[in-house]
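Okay, structure first, notes after.
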Amino acid sequence: MVTLLTDFGLEDPYTAMMKGAVLSINPAARIIDISHHIPAGAVMQASWALFETYPYFPEKTVHVAVVDPGVGTRRRPILVKARSHLFVGPDNGIFSPILEDCRDAQIIHLKDPRYFLKHVSNTFHGRDLFAPAAAYLSLGTDPLAMGPMIDDPVRLPFPRPYTKKGSLWGQIVRVDHFGNLITNLRAEDVKKFLAGRRGIIAVGNLRVEGISKTYGEAPPRQALALFGSSGRLEIAVNKGRAADRAGLETAMLVGGEVMVSPSPGDADHS
Amino acid sequence: MVTLLTDFGLEDPYTAMMKGAVLSINPAARIIDISHHIPAGAVMQASWALFETYPYFPEKTVHVAVVDPGVGTRRRPILVKARSHLFVGPDNGIFSPILEDCRDAQIIHLKDPRYFLKHVSNTFHGRDLFAPAAAYLSLGTDPLAMGPMIDDPVRLPFPRPYTKKGSLWGQIVRVDHFGNLITNLRAEDVKKFLAGRRGIIAVGNLRVEGISKTYGEAPPRQALALFGSSGRLEIAVNKGRAADRAGLETAMLVGGEVMVSPSPGDADHS
Amino acid sequence: MVTLLTDFGLEDPYTAMMKGAVLSINPAARIIDISHHIPAGAVMQASWALFETYPYFPEKTVHVAVVDPGVGTRRRPILVKARSHLFVGPDNGIFSPILEDCRDAQIIHLKDPRYFLKHVSNTFHGRDLFAPAAAYLSLGTDPLAMGPMIDDPVRLPFPRPYTKKGSLWGQIVRVDHFGNLITNLRAEDVKKFLAGRRGIIAVGNLRVEGISKTYGEAPPRQALALFGSSGRLEIAVNKGRAADRAGLETAMLVGGEVMVSPSPGDADHS
């Protein structure tokens, strides 16, 4: 099984070329798209999407992630083996959350051209290098045969939640299709911080009291906070788009600050 | 074989998570996307797309439909068995046209948690409940093992064509990618009403005489009416977009009224 | 293996109906999307995407291409066998570059209704005719059983590069998702023309000296020219969109002229 995650969009035939390259080497490969709509060059956003998604796939799945503004420059093509999954892509930080989560991951510099297409272009390693390598891995090729192990992969600095002046602060890490604002605040950390108090959640213009269980719990058009499907705090608007209501410019949404505070005079109402 | 129909879009990894959940249970499942671009929460539109599409798939296909604004509230997760196909999704009316068309359908309340993921979130039953249930069904699990039968599913009120003042009235039920206006008027009903007369078809600003056989029959940029690929009356513009020419606001297109009248002094020109 | 290329978009269930039609005939068929986002009716653009993509698929793949504004009129449905691949679609020029590239291609007029759905609509041959024909081909049906051979397929006039006043002239043939301008100038022809000189590449407002190897070679926001992944000259902007910077109206981008000239007093710097 092979998954694909890119910023190529679906207008061009680029993702199909990658699939053709996989299937020409392993005609029995199953190929699943994670997404091809990562904003162009948004390595951090891609890394987050991959980290959230890969655990839902069976072990031994090969995940190909190509958001690769440095294609053709000296950045290395790499392979990561972590938690019985395999990951293939550029060494530009796209696997950072996986490496942070799994300290004993193996990382291999993909060097052996036997596992690439015969002609490797300077501009499309997704097709010429990563897809073929993934196809060989899906056939059972030993990762260690594909290049030397390395221990200095590029790691992106991910924002971490912190507490300040009695509040818990986090960041919006993703805005989804429904306009929901997904944060880096994990359910267990928010619960621990609130310790049974209802809490106030603030982001931009939006201010919500208490944490709901479902989108339908708030009246239509009203903002709410809940722990979303990835186990993180999320701000949403029932039958509406929190992204349009937060009063933040679109470019400022991802990275926007989220504050969780105890309500004034708050006791245990949870 | 498993099909997916959602309003999740393709930017986020949500549909991939559903596919991973299916493949983790049944690695041999074939998964086909019907569409993930249903407007957010548009249950009626999704129900129509599913009803039009499922008959083209082989019998025993499992169709998962998740347009589910009430996720996590008390709406039931259900399974419908109709015409040798299986349908899985929320009990919010999304299967209404199928139930109306097939009076002896079996409906089951999906209750047995053995067929769900271990942790079922409040916000993503597509991944945690419907995809796993579909995977077990694709493995041959007996629907009756998954929960009790029910006979009171939610049914949406679908608009029906009617005749008034000598005209046949219907509604636009879908606007497609080409801007074609697809109505709920079935070819056989229109033909019966016109009884050999050419007829005038009117919707918003558009007024067409007679019914064409193909898009290419009208001169470029000119409106025409024809019986489309779903066997229903459709208003189109050759090499153009009827949706842009009807003079109706976008939000008013679906649900817009369509009138079919005999032409004045019309005889049999068909 | 069956690939699909259409202008249907992904909002509507049309592509899913085609897949259902294939799988109802050959449940074991593997179906890969090339793209469904060809602009409506853009036959030339589709023909180029198919020509660039098909060689990455295994031999015997059946490629279905449906950009078909003349559906239901007298244009013929055809099958092309070229370079051990099979192509199915309307006879409107969509296979022109393949036919030009492969002079001994076999072309068959798809006439035998045994290989179509029982009811063939006037408006959706993709589902009713091309998908079923492809499914039978994927099962090993002999192309010659499906209709008579023909030798007069429609051919589109493709622009060809030419030299004039000491410059090499070509055209933009595609604008990709990243805003890169892809031309019809092949690497080998440009290299031969420049004969070791650096050269100046001009398109609209953009003027670039020399040809880069990678996108990352130019400073951010600066235009560059390179030989892209399809082996053709491409104008790009590092971390930007050449399409937005060329000063050409969007509608004028495809077909826009590209000039390659020797730099004044240029010697061998390559």
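Letters go in sequence order (proteins before strands), and every chain restarts at 1.
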Tell me whether S47(A) contacts the main-chain N or O of F95(A) through its side chain, where contact means a donor paired with an acceptor under 3.5 Å.
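Pair absent, no side-chain N/O of S47(A) close to backbone of F95(A).
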For the pair D152(A) and R76(A), find out whether any cationic side-chain nitrogen is under 4.0 Å from an anionic carboxylate oxygen.
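Here D152(A) pairs with R76(A) in a salt bridge, since their nearest N and O are under 4.0 Å apart.
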Non-hydrogen atoms of chain A under 4.5 Å away: do they reach the side chain of L50(C), the backbone, both or neither?
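Neither part.
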Which atoms of I182(C) are under 4.5 Å from chain A, going by heavy atoms: the side chain, the backbone, both sets, or neither?
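For I182(C), side-chain heavy atoms alone lie under 4.5 Å from chain A.
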Applying the side-chain contact (heavy atoms from CB on, under 4.5 Å) criterion to M44(C), which one of I94(C), V67(C), L156(C) satisfies it?
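Going through I94(C), V67(C), L156(C) one by one, the side-chain contact (heavy atoms from CB on, under 4.5 Å) with M44(C) is satisfied by L156(C) alone.
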Will you find, in the side chains of H36(C) and T15(C), an N or O donor that is under 3.5 Å from an N or O acceptor?
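T15(C) and H36(C) do not have a side-chain donor-acceptor pair below 3.5 Å.
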What verdict does the side chain to side chain donor-acceptor pair (under 3.5 Å) test give for Y56(C) and R127(A), after you've listed the backbone C-alpha separation in whole Å, the side-chain angles of each residue and the deciding distance to 0.1 Å?
CA-CA 9 Å; Y56(C) 291 96; R127(A) 177 192 68 194; 3.0 Å; yes
Among the options [options], pick out the one with the most heavy-atom pairs lying under 4.5 Å from chain A.
options: L226(C), T214(C), N238(C); answer: T214(C)
options: D176(C), I34(C), D33(C); answer: D176(C)
options: R174(C), E52(C), Q45(C), R241(C); answer: R174(C)

CG/L194(C) to CD1/I201(C) distance, rounded to the nearest 0.5 angstrom?
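L194(C) CG to I201(C) CD1: 6.5 Å, rounded to 0.5 Å.
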Chain C: which of S24(A), G72(A), A21(A) shares the most heavy-atom pairs with it under 4.5 Å?
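Among the listed options, the one with the most contacts to chain C is S24(A).
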Using a cut-off of under 4.5 Å on heavy-atom pairs, state which of I25(A), T73(A), L23(A), V22(A) scores highest against chain C.
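Of I25(A), T73(A), L23(A), V22(A), L23(A) has the most heavy-atom pairs under 4.5 Å with chain C.
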Contacting moiety of L117(A), where chain C heavy atoms sit under 4.5 Å
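Answer is side chain: those atoms of L117(A) sit under 4.5 Å from chain C.
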Atom group of T123(A) that falls short of 4.5 Å from chain C, counting heavy atoms:
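Looking at T123(A), backbone and side chain both touch chain C.
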Apply the test side chain to side chain donor-acceptor pair (under 3.5 Å) to residues H63(C) and T3(C): give CA-CA distance (whole Å), side-chain angles for both, the deciding distance (0.1 Å), then the verdict.
CA-CA 5 Å; H63(C) 304 275; T3(C) 77; 2.9 Å; yes
